Colleague: 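Please see the structure below; I have some questions.
This is a predicted model, so every value here is computed, not measured.
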Amino acid sequence: MTTMTETSARFREFKMPDVGEGLTEAEILKWFVQPGDTVTDGQVVCEVETAKAAVELPIPFDGVVHELRFPEGTTVDVGQVIIAIDVAPGSGDAPAPAPAAAAPVQEPVEAAGSGDGDAPKGRTPVLVGYGVAESSTKRRPRKGASAAPEAAAVAAAVQAELNGHAAPAAAAPAPSVPAQAGAQDGGRPLAKPPVRKLAKDLGIDLATVVPTGKDGIITREDVRAAAAPAVAPGAAPVQPAPAPVSAEAPAAAVPASARETRIPVKGVRKAIAQAMVGSAFTAPHVTEFVTVDVTRTMKLVAELKEDKDMAGVRVNPLLIIAKALLVAIKRNPEVNAAWDEANQEIVQKHYVNLGIAAATPRGLIVPNIKDAHDKTLPQLAAALGELVTTARDGKTSPAAMAGGTVTITNVGVFGVDTGTPILNPGESAILAVGAIKLQPWVHKGKVKPRQVTTLALSFDHRLVDGELGSKVLADVAAILEQPKRLITWA
């Protein structure tokens, strides 16, 4: 897809590219440049989050930033222009950038009805991500900072009237302020659907709310401010005595915001939810468990940490577990497969892209180590360290999460003994590793304290029957109990 266009010989536009595999949208997380900044070819100008990962976008030409088309936090469709670059600065007067670029994040809003058909053309807010639309609606010019006390006085007066109190003398509304401050001329107040619902729940008439949002849009804060008790300047908030509850007078509704928080489901979190639901209700899951003495594995980890051949890489139990799973797959290759529903085929994989579930601030992601089966122990350790570091920094690319075949999820880092993990779509098995704890264990005929953990292997029963799944899990356990099998079985 072409990601830039030429609006003239001087200005170029950069479009949101498809940074993944057929993704249709991405959210702008952060801008690294602002209008007036000089940029060079290949310079990163913003960070976006797709349904798979956070990705940095470089600009493909030199120039000066003329306009940012969308603010941070906006979800933009692939192919939409996100930034305009002046590639020939100083050659003449540049048109003023659209004011929407510097605006705070806006959600979709309902535009009010248009005014007089002969009114001059204006700019009506529409769905964010689709720019602004020309309309015949005429809007009052916004007032400067001097209008803020006047707006506050109107809000106090209106709320005092709603609460049944006399309005303070200083809060009398100025005649020049219309009663419906949040409405376009002759139309309904401008507000987003969630804001309208909030106002309805709180019993607030939007026509009485003074807007503070861009272009006269009423925000959630405006509605909550209107619902709060009116307070005279400099006075402490008034806490009214609670009214007795009776059958005739129901208790006042508690604002939803005081009891719950709503978080939009988008980006990586949305993709995870969709993938897990699809996997859980498509592939028949079976999970088997085994508890194993890993004392010798822990001793091997300690020895490897002192080995000069492992210098510079992180050595931990997960490294040995990963190598054990790779050996088990080599001994039981049928487990490394995928179900092709469209063609009704089982696709046998002759390579292992080993997925490692990683918890990040944006949610759980599963990047994978490509061709992990071909790596030596030091190479596998280096790949694991790089994978975890990249994931924690939020820099995992979509390509790094594509094409996984088998996954390991280490729930033991949270102190959890075991779990029943859900398969990643397109994969045949996932191994959950529990916490390694010192427990009493029968060793050589005597009860001794030993390092013990529980493994759980979930697999797609269409591909893997109980015998095959049991063999794979038993092999992993046997290697962790006697790590020398990494040599004899490899």
Side-chain angles (χ1 to χ4, degrees), residues 1-20 22-51 53-109 111 120-137 139 141-142 192 213-217 266-267 395 397-398:
M1 171 182 288
T2 301
T3 59
M4 58 182 176
T5 59
E6 294 190 24
T7 55
S8 66
R10 177 174 175 182
F11 296 97
R12 284 190 174 183
E13 296 175 331
F14 180 66
K15 297 179 179 180
M16 177 67 73
D18 178 2
V19 294
L23 299 175
T24 60
E25 64 183 19
E27 178 187 352
I28 298 176
L29 293 179
K30 184 177 182 181
W31 283 108
F32 298 117
V33 296
Q34 294 297 324
D37 291 351
T38 299
V39 295
T40 57
D41 186 358
Q43 178 179 339
V44 173
V45 294
C46 68
E47 182 182 29
V48 301
E49 182 181 42
T50 69
V55 181
E56 293 180 340
L57 297 184
I59 199 74
F61 35 73
D62 301 335
V64 174
V65 178
H66 175 61
E67 179 184 6
L68 306 182
R69 295 292 177 87
F70 298 96
E72 294 176 355
T74 305
T75 298
V76 181
D77 288 341
V78 168
Q80 286 191 281
V81 176
I82 59 174
I83 185 173
I85 302 295
D86 185 351
V87 295
S91 61
D93 294 333
V105 178
Q106 299 288 345
E107 295 177 313
V109 297
K121 291 284 185 179
R123 298 172 71 82
T124 302
V126 293
L127 291 179
V128 168
Y130 296 86
V132 291
E134 296 295 331
S135 75
S136 59
T137 303
R139 179 175 284 111
R142 298 183 67 182
K192 311 163 194 175
K214 175 180 169 55
D215 295 326
I217 296 173
K266 56 184 178 180
K395 305 299 182 184
S397 67

Colleague: Output all residues satisfying side-chain hydrogen bond (donor to acceptor under 3.5 Å, both in side chains) with Q43, sequence neighbours left out; order by chain, then residue number.
Modeller: none
Colleague: Students often mix this up, so state it plainly: with edges at 30° and 60°, are the rings of F11 and H66 parallel, tilted or perpendicular?
Modeller: tilted
Colleague: Shortest non-hydrogen contact from G42 to P58?
Modeller: O-CB, 3.5 Å
Colleague: Measure the spacing between CD1 of I82 and CZ of R69 and express it to the nearest 0.5 Å.
Modeller: 10.5 Å
Colleague: Return yes if some donor-acceptor pair links the side-chain N/O of D41 with the main-chain N/O of D62 below 3.5 Å, else return no.
Modeller: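 It does not hold such a pair.
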Colleague: Locate the shortest heavy-atom distance separating D77 from M16; write the atom from each residue and the value.
Modeller: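 It is O-CB, 3.7 Å.
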Colleague: Looking only at heavy atoms, which two atoms of W31 and C46 are closest? And how far apart?
Modeller: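 Of all heavy-atom pairs spanning W31 and C46, the closest is CE3-CB, 3.5 Å.
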Colleague: So how far is it from D37 CG to I85 CD1, rounded to the nearest 0.5 Å?
Modeller: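 It comes to 9.5 Å.
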Colleague: If we check side chain to side chain contact (heavy atoms under 4.5 Å, CB included) with V39, which of these qualifies: I59, I83, V44?
Modeller: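 Exactly one candidate clears the test, I59.
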Colleague: Does a side-chain N-to-carboxylate-O contact under 4.0 Å join K30 and E56?
Modeller: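 Looking at E56 together with K30, the answer is no, because their closest N to O distance does not fall below 4.0 Å.
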Colleague: Over all heavy atoms of both residues, which pair between P71 and I28 is shortest? Give the atoms and the distance, please.
Modeller: O-CB, 4.2 Å
Colleague: Just verifying a value: how many Å separate Q34 CD and E67 CD, rounded to the nearest 0.5 Å?
Modeller: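 Rounded to the nearest 0.5 Å, the CD-CD separation comes to 12.5 Å.
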